Structure formats: structure tokens, C-alpha cells
Amino acid sequence: MTELLKISLPDGSVREMEPGSTPGDVAAAIGPGLAKAALAARVNGEVRDINRPFECDSELALITTKDEEEALELARHDYAHVLAEAVQALYPGTQITFGPATDDGFYYDVMAPPSREPFGMDDLPAIEEKMREIIKADKPLKREVWSREQLIEKWQADGETFKAEWAKELPEDEELTVYWSGDDWLDMCRGPHLASTGKLDPQAFKLMRTAGAYWRGDQKNAQLTRIYGTGWLNKKQLNAHLHRLEEAAKRDHRKLGREMDLFHLQEEAHGSVFWHPKGYRIWRELEAYMRRKMDAGGYREIKTPQLMDVRQWEQSGHWGKYAENMFAVPDIVPDVDDGGEAEASPKVASDADWMAIKPMNCPAHVLVFKQGITSYRDLPIRLGEMGCCHRNEPHGALHGLMRVRQFTQDDAHIFCTENQVVEEVRKFCALADSVYRDFGFTYHVKLALRPEKRFGSEADWDKAEQELRDAVEEAGMANDEYGWEELPGEGAFYAPKLEWHLTDAIGRTWQVGTIQGDRVLPDRLDATYVGEDGEKHRPVMLHRAIFGSYERFIGILIEHYAGRLPSWLAPVQAVVATIVSDADEYANDAVAKLEAAGIRVESDLRNEKINYKVREHSLAKVPHLLVVGKREAEEGTVAVRTLGEKEQRVMSLDEAIAMLSEAATPPDLRS
RNA sequence: GCUGCUGUAGCUCAGUGGUAGAGCGCACCCUUGGUAAGGGUGAGGCCGAGAGUUCAAUUCUCUCCAGCAGCACCA
């Protein structure tokens, strides 16, 4: 008789099981309730199918819907398979490729048969219906180990060219598996899966949209149709998710920007923002805030040219790498015809010099650094600029304020000696932390390591990466609390970078801040300082930004606050609204006093009912509404209604001014 | 840039092979009303641009432009 397998459970108990038994058998042995609830198993730390036999003595933890993260991952993966099966059942000849789980659901990339158009939104209801049928049929999902040749043969026989291509590249020595859905459909998959399609809730998923996606993510390859779905464990979760999506749509900065009259975009300058008075007010507050922060941090602000000779960009390496995303202009005086009118399109002489609009500020900052002779005693030198840059982004990438062609960075470059790097980066960590906290963001810090294509020696990269690591360590941020993580291959071509990823009010993340330790550009542009030894040395150049760009940061703030900006950023901080015209004079006096106290205030004396005025200014997200009627005018008071509160508070005008001044004080100026 | 979708009044959107409609907003009038929409009247449109089909195109076809959703890209 063969020996029994010893299966240890999380509670410390050990069960002896026949060879060939499965986690499902263990669950059944414990109780029928658990047998029903068990979705999958963690065997020696690896998530596995509930019906996959044990291979040896094992540690087992059963996964049920209570283990939400794992259960969701499994369910979504299964939904993706069911999606692929449904599409092929409905449209024979459809090729399938890949279908992973995502953060909120799943997708599957497919290629429609040549006989029909790519799948679109209109096809989704039918596919959903078919998916429900497959789920209701409760088809068992069976794992089988296949050889590579078997797989290739199968896919070739089925005309699945993408799958066949993939199978050919699979490693020889790895155990390759397929999963059967019932006995009539299978997909190549590493698994694990639920025991059967019936474990899915047919009411807990929804196909959301279709989109193009390249085979293997490469633009040069065929474009497939990606069918996206969102998938959950039950209908309640699905509905909650759909509700969250609606909430996110409500805070869309493009919508709020229009409603709040902050900015607009139009064709004639697509990708560049027309800031309206109210939007630019936010900008100015942010800029003033950042100036105070940078001044206090030992930065000196400069301003550098928008246009520089293309040769300068060739030397820095940017022209070679990014020319197609740069705007270039011929440096010529336009030809003028006899009538004195400029020709519609000036001719460019073949020997005309080309200028490029700056896509970044770095080279110009090096040129400022290079003026005169710098001693090691002067370092570090921190040069800051509210630098307006242009990049000709791929048109499909443009998105409201988030991705634009003209943007202004809160940019700065720190020139320092080798042994000042860690301390400068640590200081920056502290500065960034104080800024993000002022806006109520939490954040994660990540280190993007050397990419495949890069400039500079391995030794320099080793050093640069380690410096950033050390600095984060010293700042006390190299831990889970700060989501510390290293990202191989994600760095810039000239430097590794630390990245700050903010988490906003509804849990989305945004990468904004960065600092990069660069030894390449100082070298290419020949920046030097005189050391203690009297010799020339290369400074290290730290590129850094905290907001990233004003445009994008304002977009993020609008969505983070859902338009309800804190008083210090609100374009209009208060409105004095009258109930009757007898109060007009008093309202005007109040506005004058508020203005004198530095409050951004408007009056609303219109011949409208107070209900209407309250509604309108609430929708406009004005933080404070000061209502005045006959009573207030006689008593010298105001009825203050704060946005988001239902109660109004009657107080003297002086008290209101004190309160509003307090609320309008920027966070860095509070005592 | 790629795939798909969209483009009609300031905004949100109906609609039609015979050059247009609603709601909100705007203007004017009435109303002076105590905390999220008082009533009336009126103005406002080269139906994204160009070409084609047609007696006739905002409507059908093509090209371009822009926007949206993804993808790819993001110094």
C-alpha cells in the first residue's frame, strides 16, 4: 500500500489523504459547507485548482469568496475564458489570443474572422448572453498537461495562427497546460481556474467596450479587437463598481473645467490650453505656493529661452532621440512680396538655421550653470524655472489637461558634487512630502531602474541607482507604508528616477513628482566646476519636479476635490448674495470689506430668488455663500453657508471676514 | 500614430435626401421672494472642413480635421 499524503492546514492540524486526492477532497472531508464554498486552493503558497491532485505532502489553505482578492482574480480569469469561448461559439473562425484579469475585470484580445468586421459595441449584448449560457451550463474546467508539439499542432489545425506562434516560443522545459471547458472547448493557460463555469455569477459581469490592441503590444503587429469586461463575485459588487465609475465620470476635469469656466480647448490649438480667469487664478495660487516652497528650499528661479538652435539639441542628445516630437521653426525673415504683404507660407531658404521650441528645460539650465567659473564652494546650485515646454505628442495621446502639447513644469536642476547627491535627494523627498500633504494626497515612492537603451557607463548607473536608494532609505520611505518598489527597465535613457505616485480621493493613482540623478547631460554639455584640488570636475545634475506640470496637476486637483477646491485655491472664495434689493447697499459694503481683507469675493444682487442663488453658487462650488437680507443689513451680520454643509451660521461681518481669511490662507502660511 | 466611435445653438442632446428642434443658459419684462430651479416674451445655427453622387446633401459616399474609448508612446 502506498503511503498517505500529509496535508497540513492553516489551523495546524494535519490530515492524511490518499495519493491522488485533491484540495477539493480535503474540503469535502472537513464538511459539505466548505466543499461548496471552496473555489481554489493555496498549496505550498501557490494558488491552484481545487481539483488538481496533490503531488506530495503539502501545506493547504482553501480559498473561498471570503478571500476576496484571490477569488476575484480567479473569477476574472475565468470570465475571460468564458468570453473567448462565447465569441468563438457565436462567430466560428474568430481567432483568440490572450485574455488576462485586470484591476476591475478582464479582457480578451480576439481577431474577428475575415468574413465579418471587427467586433464593436453592438456585438456585446449577444456575447454577454452567450457567456451567461456557458456559465449556466456549469461546464467543468479541467486541467491537462500537454506537450509543446501537441499545442502547436492543435492551434495550427484550428487556424489559430496567433496561438500557434505563441506556442512555438514557449519554453521546452516548462510544464505546459491547457484548460478544458466541458469537453468541447479549450484554451492554453497556466491557470489556475475555478472548478467549473457555474462558480461564476452570471449577473456579476458586464462587457464594457471594445478597443484596438496590438498583438503582443507592438505597433508593428496586427491589430486585434480587445473586448473589455468588468467582473465581480456578485451582483452587488458589480453595481457598486458601476456606481464608482459614474462618480469618476462626474469628477472628470474636462466636464468640471467647462462647468466651472476654468479653461477650454479648441481645434485651432489642440493640445494647448486656453486658461480662463477662474482657471488661471488656481494656477497663480499654485505658482505662488510653489515659489514660496522653492525659495525656502534654497532654489533660485531663472527664465530661459523658448527657442534654441537645433544644434544645441543635437549636442544634448534630444534631437537624435526625440526630433519627431519636437517643434522646429526656420530662423528666417519671411519673404515679402511687392504689395508688402507677407506671403502665406514663407519660403525656407535651404541654408536657413533651424530653431527648436524647447521640449524641456535641462540643456538651458546647464548653459546657465556653465556661465562663469563655478567653485565646489558654490555647490549645490539649485536652479528652478516655471518652464513652458512644447512636445508634439502623438495625437491619440492628448487628453484634457492630463496630456497636452504645451505645458509648464515646476522644474529645477540641482548641480552638486558626487557626495552631495544623497543629501540633496533626501531633502527633495522631504520637500515633496510637505507639498503632497498640503493637498491631502498620500503617495507611493518607486525607483525606475536603467532601461535597455541608455547612455552612460554601467558603473555610473550602479552608483546613480544606489544613491537614490540610499536617499529614500535615509528619508525613511523605503518601506511598505510608502509603497516602496523598484521598477526594472523603467528609467530614463540618461538616469534612473524616483517617482512619486499620488493616490487621490477615490483611490486612483497619478505619477507626478520625480527626481533623477544624471551624469550624462553634464558630460555631453561639458559642465564643470573647480574642485578643492584646483582641477575641473563634473557635477552631478539632479532633474526634479513636484507638480510635474501645472496643467496636469490642476487636472488632478479638480478630480481629486471633485471641483470643490479648498478655499485657498478656489477662484471665487465667497459670494455675497442678497435676498431683497433693499440689502444691495449693505452687500456692496460687505464685498468692499472682504476684498480689503484679501478675499476673492463677488456680489450677486440679481433679481432672483434666494433659492435660485443658493443653488447656482452651490453648483459653481463656491466655498462660502454669504446671504444678506433686511435683517442682516440692519444688524450688521451675514448668514454664512459653507459648501457641503446644510446649516447656515449667522455671524457679524467681522467674524465672517476672520473666518474666511483663515480658510483662505494657503497651507504653508498657516501658523 | 493605430483601431473603433462621434462631430447639429454657449452647454447637454433630438431630428430629417427638400437648408432645423428641445431643455438649460443668455437678453428683456413681471415678480422683492429667507437657503438647491417663480412666471412670461425673445434672440441665437455655413448641421466640423473639402470633394463626390443627386434636380436637391446637415442627412448618402470619400478625404481631411478635431474630439471620445482603448492601444502604442510619454525626455
Side-chain angles (χ1 to χ4, degrees), chain A residues 107 109 112 117-123 208-228 252 254-255 258-259 261 264-271 313 316-326 358-363 389 391-400 402-405 407 409 451 455 490-495 497 511 514 516 518 520-521 543 548-549 552 577-584 605-620 625-632 639-641 643 645-648 650:
Chain A
Y107 67 78
D109 288 348
E117 297 168 351
F119 302 108
M121 289 295 284
D122 298 343
D123 298 306
M208 303 299 280
R209 59 178 168 265
T210 60
Y214 301 106
W215 165 237
R216 310 180 85 164
D218 190 330
Q219 214 173 152
K220 291 194 276 293
N221 291 340
Q223 188 148 23
L224 311 165
T225 304
R226 178 167 296 179
I227 302 176
Y228 277 95
D252 189 313
R254 293 165 299 184
K255 177 174 175 284
R258 191 166 44 238
E259 287 172 3
D261 193 18
H264 86 270
L265 296 155
Q266 66 181 62
E267 282 195 34
E268 288 74 7
H270 73 279
W313 297 106
S316 68
H318 293 98
W319 188 254
K321 203 161 163 61
Y322 295 108
E324 60 187 23
N325 295 316
M326 288 171 66
K358 66 176 171 184
M360 57 182 351
N361 310 297
C362 330
C389 299
R391 294 180 188 173
N392 200 350
E393 302 285 4
H395 289 190
L398 300 175
H399 181 91
M402 301 303 188
R403 188 85 179 267
V404 287
R405 303 209 295 175
F407 56 93
Q409 298 174 314
F455 290 171
E490 304 267 314
F493 71 93
Y494 53 82
K497 54 183 179 183
Q511 201 242 297
T514 182
Q516 307 158 9
D518 178 12
V520 173
L521 203 57
H543 307 245
S549 90
R552 184 153 174 275
T578 53
I579 295 168
V580 290
S581 49
D582 287 348
D584 286 1
L605 311 182
R606 290 176 305 168
N607 175 13
E608 296 289 353
K609 288 211 164 69
I610 192 62
N611 285 7
Y612 181 87
K613 295 185 182 181
V614 167
R615 176 182 155 82
E616 194 168 84
H617 297 116
S618 298
L619 290 175
L625 184 59
L626 278 49
V627 176
V628 296
K630 256 186 207 158
R631 204 155 59 218
E632 287 77 11
V640 180
R641 190 185 159 118
L643 186 64
E645 290 173 21
K646 290 215 173 88
E647 296 300 306
Q648 51 158 341
V650 178

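Bear in mind the structure is a predicted one, so any value in this text is a computation, not a measurement. Just so it is clear: chains get the letters A, B, ... in the order the sequence lines come, proteins before strands, and each one is counted from 1.
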> Okay, side chain of A:Asn221, backbone of A:Trp215: is any donor-acceptor separation there less than 3.5 Å?
Replying inline: yes
> Looking at residues at least two apart in the chain, or sitting in another chain, which of them share a salt bridge (Lys or Arg N to Asp or Glu O under 4.0 Å) with A:Arg226?
Replying inline: A:Asp109
> Under the 3.5 angstrom rule, does the side chain of A:Ser549 hit a backbone N or O of A:Arg552 as a donor-acceptor pair?
Replying inline: yes
> How far, in whole Å, is B:rG67 from B:rC60 if one measures between their P atoms?
Replying inline: 23 Å
> In whole angstroms, how far is the P atom of B:rG25 from the CZ atom of A:Arg258?
Replying inline: 17 Å
> Base, backbone or nothing for each nucleotide of nucleotides 32-37 of chain B, written B, S, -, heavy atoms under 4.0 angstrom, 5' to 3'?
Replying inline: BBBBBB
> Taking protein heavy atoms under 4.0 Å as touching, what does nucleotides 69-75 of chain B look like 5' to 3' if B marks base contact, S marks sugar-phosphate-only contact and - marks none?
Replying inline: SBBBBBB
>> Please find the pair of heavy atoms, one from A:Thr578 and one from A:Ile610, that lie closest to each other, and give the distance.
In response: O-CD1, 4.0 Å
>> Going by the rule ring-ring contact (aromatic ring centres under 6.0 Å, His included), which residues pair with A:Tyr214 if we only count those two or more places apart in sequence or in a different chain?
In response: none
>> Could you check whether atom CD of A:Glu324 has more than 12 heavy atoms from other residues, nucleotides or ligands sitting under 6.0 Å from it?
In response: no
> With no hydrogens and no angle check, is any side-chain donor or acceptor of A:Lys613 less than 3.5 Å from a backbone partner on A:Arg606?
Replying inline: yes
Measure all distances between protein nitrogen or oxygen atoms and nitrogen or oxygen atoms of nucleotides 62-64 of chain B, and list the pairs falling under 3.5 Å.
none

>> Run the salt bridge (Lys or Arg N to Asp or Glu O under 4.0 Å) test against A:Asp261 and tell me which residues pass, sequence neighbours left out.
In response: none
> A:His270 side chain N/O closer than 4.0 Å to the phosphate oxygens (OP1, OP2) of B:rC65?
Replying inline: no
> What's the verdict on side-chain hydrogen bond (donor to acceptor under 3.5 Å, both in side chains) for A:Asn361 and A:Gln409, showing C-alpha distance, side-chain angles and the deciding distance?
Replying inline: CA-CA 9 Å; A:Asn361 310 297; A:Gln409 298 174 314; 3.1 Å; yes
With the criterion being N/O to N/O and under 3.5 Å, what pairs connect the protein with nucleotides 40-47 of chain B, and how long is each?
none

>> Angle between ring planes, A:Phe455 versus A:Phe493, binned at 30° and 60°: parallel, tilted or perpendicular?
In response: perpendicular
>> Please enumerate all residues that pass salt bridge (Lys or Arg N to Asp or Glu O under 4.0 Å) together with A:Lys358, with sequence neighbours excluded.
In response: A:Glu385
> Between B:rG4 and B:rG23, how far is it from one C1' atom to the other, in whole Å?
Replying inline: 31 Å
> Taking only residues two or more places apart in sequence or in another chain, which ones pass ring-ring contact (aromatic ring centres under 6.0 Å, His included) with A:His264?
Replying inline: A:Phe274, A:His276
> Are any side-chain N or O atoms of A:Arg641 and backbone N or O atoms of A:Glu647, one a donor and one an acceptor, separated by less than 3.5 Å?
Replying inline: no
> Aromatic rings A:His270 and A:His395: how do their planes relate, parallel, tilted or perpendicular, breaks at 30° and 60°?
Replying inline: perpendicular
>> Which residues pass the salt bridge (Lys or Arg N to Asp or Glu O under 4.0 Å) test with A:Lys609, not counting sequence neighbours?
In response: none
>> What's the gap between B:rU61 and B:rG25 when it is taken at their P atoms, as a whole Å value?
In response: 37 Å
> Whole Å only: how far is the CG atom of A:Asp109 from the C1' atom of B:rU3?
Replying inline: 12 Å
> Using Watson-Crick and G-U wobble pairs whose two distances are both under 3.5 Å, how do you write the pairing of RNA chain B as dot-bracket, with | for links to another strand?
Replying inline: (((((((..((((....[..)))).(((((.......))))).....(((((..]....))))))))))))....
>> Closer than 3.5 angstrom, by distance alone: can the side chain of A:Arg403 be matched with the main-chain N or O of A:Ala397 as a donor-acceptor pair?
In response: no
Kindly give the atom pairs (protein nitrogen or oxygen, nucleotide nitrogen or oxygen) under 3.5 Å for nucleotides 48-50 of chain B.
none

> Which atom pair, heavy atoms only, marks the closest approach of A:Leu521 to A:Pro363?
Replying inline: CD2-N, 4.3 Å
> Any Lys/Arg nitrogen of A:Arg216 or A:Asp218 sitting under 4.0 Å from an Asp/Glu carboxylate oxygen of the other?
Replying inline: no
